[in-house]
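In the text below, chain A, chain B and the rest are named by the order of the sequence lines, each starting its count at 1. Treat the numbers as computed from the prediction; the structure is a model and nothing was measured.
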There are 2 protein chains.
Amino acid sequence: MRVAEFDREFVLRQAMLAFTQCGYAKTSMQKLTQVTGLHPGSLYAAFSNKKGVFLAAIEQYQTDKNQQFNAFFCNNAPVLPNLRAYLALVVTECLGGDSMKVCLLTKSITEVEGQDSQISKVLSDNLNAYEQAIAFQLNRAITQHEITPNRSAQQLARFFAMGLYGLRTYALTNNNAKDINQLADDLFSVISN
Amino acid sequence: MRVAEFDREFVLRQAMLAFTQCGYAKTSMQKLTQVTGLHPGSLYAAFSNKKGVFLAAIEQYQTDKNQQFNAFFCNNAPVLPNLRAYLALVVTECLGGDSMKVCLLTKSITEVEGQDSQISKVLSDNLNAYEQAIAFQLNRAITQHEITPNRSAQQLARFFAMGLYGLRTYALTNNNAKDINQLADDLFSVISN
DNA sequence: CCTTATCTTGAATGTACACTCAAGATAAGG
DNA sequence: CCTTATCTTGAGTGTACATTCAAGATAAGG
């Protein structure tokens, strides 16, 4: 008996980056062997096929992003400044030149919509969970009287998620820092009023 | 001397639909020959290559969408109700099952970002023109005192465009009619207050 | 140290792709 | 009605792809 040698997290993070940069269709197995350092046989032994690599990479992405998000709210500070700080991170990513400019989940669901319902479901489940995480924080903000909105935390979170998806797409059409920051300010003020 | 037989608009609209459904990478030339009815040689004679077909299809898309948008504002009615009616159309498209659920421009720019700068530029130019068309209408609304916003028409249009991009993406994760309508209402009230 | 189960290797396979091109078809100009 | 430029046809070409698999390597159990 022999144990697998490769570092699963490293492999999936590398795959994650490749899928983010090239998209699902254009990320070839050859490219995945290059960035992961694994040979085709090993990749297929571990993940069955390209779709298996993708789904595993999505899972890793979700884990990483979830941890990143929660890190903004694990202090004892009020919710809203934390949420504003998180929004500032997204703005930084939008304005940066690297692959973090786009969200792997929204990019992928846009690509595979109507082509693979299993992948679509995984992606929408993950994005719904993201919205729920935002709703949880906004609910805390309401409970702590940081905001007294005329909408539910759920509705606010939905609007905020929509805004984030739109912000990332918009930044692809206009990468002007002032404009993106303005949009983020406007989005935040809709939530925090 | 012989004149081309095929109907260019028909061909490009068919190509448009294929690209919208399958994305740029996964729309094969074989599929394009099927949906257009043209043989490979004719397609290559008319548009050089796959990228040529795509760019021509984008141009047709822009023409069609521009016409559709302007049709909402060619009456003498106030701007805001017209804009609200246009937003209702987008909501209908988002909730429908066909390929109009996604915008070819935003879908494509998300896909090819970082892969083909020429295509990216064409797409962002078109999306910027879309934003300008919205800004033009909002400017009229301000001039006619339909709204007295604390932001410029430009800024409002930017936010509205961002919202539309986000709305279409969000609808892929949650196709509940009530939620999408609520988001559209919220988006519109940000603009019209 | 040998067996055996498992992992690694990378060449091989069949398919699908973008694109080409030479032969055939067709209409305008003379 | 013939010439000629242009369009249409669709089989053909080379490449890149996802996937397979048999041979080699390696570690745990006895």
Check your understanding: Rounded to whole angstrom units, what separation is found between the NZ atom of A:K31 and the P atom of D:dA18?
Key -> 12 Å

Point to revise | A:P40 vs A:K26, nearer the 5' end of DNA chain D by closest nucleotide | key: A:K26

Check your understanding: Would B:E93 and B:K101 pass as an ion pair if we require N to O under 4.0 Å?
Key -> no

Practice item. Please work out if A:T27 contacts a base, only the sugar-phosphate, or nothing of the nucleic acid, heavy-atom cut-off 4.0 Å. Key: sugar-phosphate

Review point. Taking the side chain from B:T169 and the backbone from B:Y165, do they hold a donor-acceptor pair closer than 3.5 Å?
Key: yes

Check your understanding: Which pair of non-hydrogen atoms, one from A:E111 and one from B:K107, has the smallest distance, and what is that distance?
Key -> O-NZ, 3.9 Å

**Study point:** Shortest side-chain distance from B:S28, nucleotide among C:dC19, D:dA18, C:dA18
**Key:** C:dA18

Check your understanding: Are a donor atom and an acceptor atom from the side chains of B:Q115 and A:Q21 found within less than 3.5 Å of each other?
Key -> no

Practice item. Take atom CD of A:Q30 and atom P of C:dA11, then tell me their distance rounded to the nearest Å. Key: 12 Å

Check your understanding: Watson-Crick or G-U wobble partner for D:dT15, using a 3.5 Å limit on both distances?
Key -> C:dA16

Point to revise | Separation of atom CE in A:M29 from atom C1' in C:dG10, rounded to whole Å | key: 14 Å

**Study point:** Rounded distance in Å - OH (B:Y24) to C1' (C:dA18)
**Key:** 10 Å

Exercise for review: If D:dT20 has a Watson-Crick or G-U wobble mate with both distances under 3.5 Å, name it; if not, just say none.
Suggested key: C:dA11

Review point. Can you check the B:L32 CG to C:dA18 P distance for me, whole Å?
Key: 8 Å

Point to revise | B:S42 vs B:K50, nearer the 5' end of DNA chain C by closest nucleotide | key: B:K50

Practice item. Establish, with yes or no, whether the OP1 or OP2 oxygen of C:dG10 is under 4.0 angstrom from a side-chain nitrogen or oxygen of A:H39. Key: yes

Revision key, fill the gap. Across every strand shown, the nucleotide meeting Watson-Crick or G-U wobble geometry with C:dA5 (both distances under 3.5 Å) is D:dT26

Review point. Given atom CZ of B:F54 and atom P of C:dC17, what is their separation to the nearest angstrom?
Key: 18 Å

Study note, to complete from the structure: Atom OH of B:Y44 and atom P of D:dT8 are separated, to the nearest Å, by 16 Å

Check your understanding: Have B:E131 and A:Y170 got a donor and an acceptor in their side chains that come within less than 3.5 Å?
Key -> yes

Revision key, fill the gap. Separation of C:dC17 atom P from B:L43 atom CG, nearest Å, is 15 Å

